[in-house]
**Student:** 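Structure below; questions to follow.
Letters go in sequence order (proteins before strands), and every chain restarts at 1.
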Number of protein chains: 2
Amino acid sequence: MSYSISEVAKMLNVSTYTIRYYDKEGLFPLVKRVNGIRVFEDKDFPWLRMLNCLKNLNMPIKKIKEYVDLALKGDETLKERYDLILEQEESIEKQIKELKYYKKQIDFKKAYYEKALEAGTEEAVKDWPNPEATLDVDELPNKFRR
Amino acid sequence: MSYSISEVAKMLNVSTYTIRYYDKEGLFPLVKRVNGIRVFEDKDFPWLRMLNCLKNLNMPIKKIKEYVDLALKGDETLKERYDLILEQEESIEKQIKELKYYKKQIDFKKAYYEKALEAGTEEAVKDWPNPEATLDVDELPNKFRR
DNA sequence: CTAAAAGTTAGAGTTAACTCTAAGGCAAGC
DNA sequence: GCTTGCCTTAGAGTTAACTCTAACTTTTAG
């Protein structure tokens, strides 16, 4: 099976402009052209999936390009690519930890507003302890502690 | 206690430029000025913490500004603010789910490279099943399925 | 009293990641 | 054979979020 740029755009949930932009940035070095027109094939999908994954992990396009270039060089860059993946894994874990921390802050605020709404005024919760007081400081993912 | 712009910048782990930019965007309507100079006080810290939280949840500055404006209006906007917080909570949960999904993809790639490194060549893993095959499709956070 | 450090403003410049326009090519259906 | 629609390119425009500069003021330490 083969797919046009607009079909792939739909699958990736981005515009055709974006796909062309990615291509311009060198993210699709192996995609076939027929009469100058991009033809995506089944063999391209594992990479499209990987690209989608890295994009959603907020990897900058330049870094993704570096990864592509490493992959093109073949077996001699296996270790480098592995290290890059390891880095990503750590980054994901850090991100999840951070999100869980911020979720606690948001959940506190949620309870705060529920109480305030019940009372009809924020006055009723003005003296609630701040979220930090109820959280383990070691969980803090940032340097903002005061 | 009171704090200068540079002290607060350090705490938030951003530059003083950034703090002034946030101020210009209306994110600090209640911060005191003495001779035109910003003086951050203890009473400002709960909001600074909240700001930090929303920033790290990728809320755009304009949306944060909307939240600030709602808060300034007082009790009549309690429900709106509550809804905004609820939205954020849902967004966090979605983000965590997505990250967990992408983690699986990265972990697959990690194992792939470990095997390839062991063999010394990617040829050894060329016919590995792709990650999708081993994942529950319902977990997919995006529309990219092929 | 003065020099350095840190603050102020308005506004220009930067960067990433799109997003779109203009001018044109090609293939399918009527 | 012509219109429609999707494709191409180069390159300009947009947006968010900073990031910095220039000119100037205020605070602080010696």
Side-chain angles (χ1 to χ4, degrees), chain A residues 1-41 44 48 50-69 88 91 95 98 142-144, chain B residues 1-41 44 48 50-69 88 91 95 98 142-144:
Chain A
M1 265 308 264
S2 66
Y3 307 84
S4 72
I5 188 172
S6 54
E7 287 170 321
V8 171
K10 246 170 240 157
M11 286 186 272
L12 278 168
N13 207 24
V14 299
S15 71
T16 53
Y17 298 135
T18 304
I19 299 281
R20 290 197 195 96
Y21 166 65
Y22 289 167
D23 196 2
K24 214 187 295 188
E25 295 301 311
L27 266 35
F28 303 132
L30 299 179
V31 168
K32 200 172 76 174
R33 298 277 189 132
V34 174
N35 285 324
I37 291 174
R38 293 167 192 88
V39 178
F40 292 84
E41 295 173 302
D44 297 318
L48 286 174
M50 190 64 192
L51 171 63
N52 186 59
C53 175
L54 297 177
K55 281 291 310 166
N56 282 289
L57 293 171
N58 295 311
M59 186 183 282
I61 280 165
K62 277 190 184 165
K63 185 119 193 199
I64 299 180
K65 175 63 162 45
E66 280 171 38
Y67 181 63
V68 168
D69 290 345
Q88 275 311 299
S91 153
Q95 284 179 61
E98 284 193 18
N142 57 72
K143 277 125 199 156
F144 185 51
Chain B
M1 263 308 263
S2 67
Y3 306 84
S4 72
I5 189 172
S6 55
E7 287 170 321
V8 170
K10 247 171 238 156
M11 286 186 271
L12 278 168
N13 207 24
V14 299
S15 71
T16 53
Y17 298 135
T18 304
I19 299 282
R20 290 198 193 96
Y21 166 66
Y22 288 168
D23 196 1
K24 213 188 295 189
E25 295 301 310
L27 266 38
F28 303 132
L30 300 178
V31 167
K32 200 171 78 175
R33 297 279 189 131
V34 175
N35 284 323
I37 291 175
R38 293 169 192 86
V39 178
F40 292 83
E41 296 173 302
D44 297 318
L48 286 174
M50 191 64 192
L51 171 63
N52 186 59
C53 175
L54 297 177
K55 281 290 310 166
N56 282 289
L57 293 171
N58 296 311
M59 185 184 283
I61 280 166
K62 278 190 184 166
K63 187 121 192 197
I64 298 180
K65 174 64 162 44
E66 281 171 37
Y67 181 61
V68 169
D69 290 345
Q88 275 311 298
S91 153
Q95 284 178 61
E98 283 193 21
N142 57 72
K143 276 125 200 157
F144 184 51

**Student:** Counting heavy atoms from C-beta on, name the nucleotide in dG7(C), dA17(C), dC18(D) closest to the side chain of K55(A).
**Tutor:** dA17(C)
**Student:** Nearest-Å distance, CD (E7(B)) to P (dA5(C))?
**Tutor:**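 Those two atoms, CD and P, are 17 Å apart.
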**Student:** Restricting to non-hydrogen atoms, name the atom on V68(B) and the atom on P29(B) that form the minimum distance, rounded to 0.1 Å.
**Tutor:** CG1-CG, 3.5 Å
**Student:** Whole Å only: how far is the CG atom of L57(A) from the P atom of dA17(C)?
**Tutor:**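 Atom CG in L57(A) sits about 14 Å away from atom P in dA17(C).
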**Student:** List in numerical order all residues of residues 15-26 of chain B for which some heavy atom is under 4.0 Å away from an atom belonging to DNA chain C.
**Tutor:**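 Residues of residues 15-26 of chain B under 4.0 Å from DNA chain C: R20(B), K24(B).
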**Student:** Nearest-Å distance, CG (L12(B)) to P (dC18(D))?
**Tutor:**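 One finds 11 Å between P of dC18(D) and CG of L12(B), rounded.
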**Student:** Do you know the tightest heavy-atom contact between Y21(B) and I61(B)?
**Tutor:**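 Shortest heavy-atom contact: CE2-CD1, 3.4 Å.
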**Student:** Can a donor-acceptor pair be found, under 3.5 Å and without considering hydrogens, that links the side chain of N56(B) to the backbone of N52(B)?
**Tutor:**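 At least one qualifying donor-acceptor pair exists.
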**Student:** Any side-chain heavy-atom pair from L57(B) and S91(B) closer than 4.5 angstrom?
**Tutor:** no
**Student:** Quick one, F40(A) and I19(A) - any side-chain contact, counting heavy atoms below 4.5 Å?
**Tutor:** yes
**Student:** Distance check: side-chain N/O of S6(A) vs OP1/OP2 of dC7(D), anything under 4.0 Å?
**Tutor:** yes
**Student:** Nearest to the K62(A) side chain among dA16(C), dT8(C), dA6(C), which nucleotide is it?
**Tutor:**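 Nearest to the side-chain atoms of K62(A), counting from C-beta on, is dA16(C).
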**Student:** Nearest whole Å is fine: how far is dT8(D) P from K32(A) NZ?
**Tutor:** 14 Å
**Student:** I'd like a table of atom pairs between the protein and nucleotides 25-29 of chain D - only N or O on both sides, under 3.5 Å - with the distance next to each one.
**Tutor:**
{"unit_1": "dT27(D)", "atom_1": "OP1", "unit_2": "N35(B)", "atom_2": "ND2", "d": "2.5"}

**Student:** When you get a sec, tell me which of dA6(C), dT9(D), dT9(C) is the closest nucleotide to the side chain of R38(B)?
**Tutor:** dT9(C)
**Student:** Mind calculating the distance between CZ (F40(B)) and C1' (dA6(C)) to the nearest angstrom?
**Tutor:** 14 Å
**Student:** With sequence neighbours left out, what residues match D23(B) under salt bridge (Lys or Arg N to Asp or Glu O under 4.0 Å)?
**Tutor:**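 Scan of D23(B) (salt bridge (Lys or Arg N to Asp or Glu O under 4.0 Å), adjacent residues dropped) gives R33(B), R38(B).
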**Student:** Which pair of non-hydrogen atoms, one from Y3(B) and one from M1(B), has the smallest distance, and what is that distance?
**Tutor:** OH-CB, 3.4 Å
**Student:** Taking CG from N56(A) and P from dA17(C), how many angstroms apart are they, rounded to a whole number?
**Tutor:** 13 Å
**Student:** State, to 0.1 Å, how close S2(A) and E41(A) come at their nearest heavy-atom pair, and which atoms those are.
**Tutor:**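 Closest pair (atom of S2(A), atom of E41(A), distance): CB-CG, 4.3 Å.
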**Student:** Could you tell me the separation between the CD1 atom of I5(A) and the P atom of dG5(D), rounded to a whole number of Å?
**Tutor:**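 Atom-to-atom, I5(A) to dG5(D), this comes out as 19 Å.
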**Student:** Does a side-chain heavy-atom distance below 4.5 Å link L51(A) with F28(A)?
**Tutor:**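 The answer is yes; the side chains approach within 4.5 Å.
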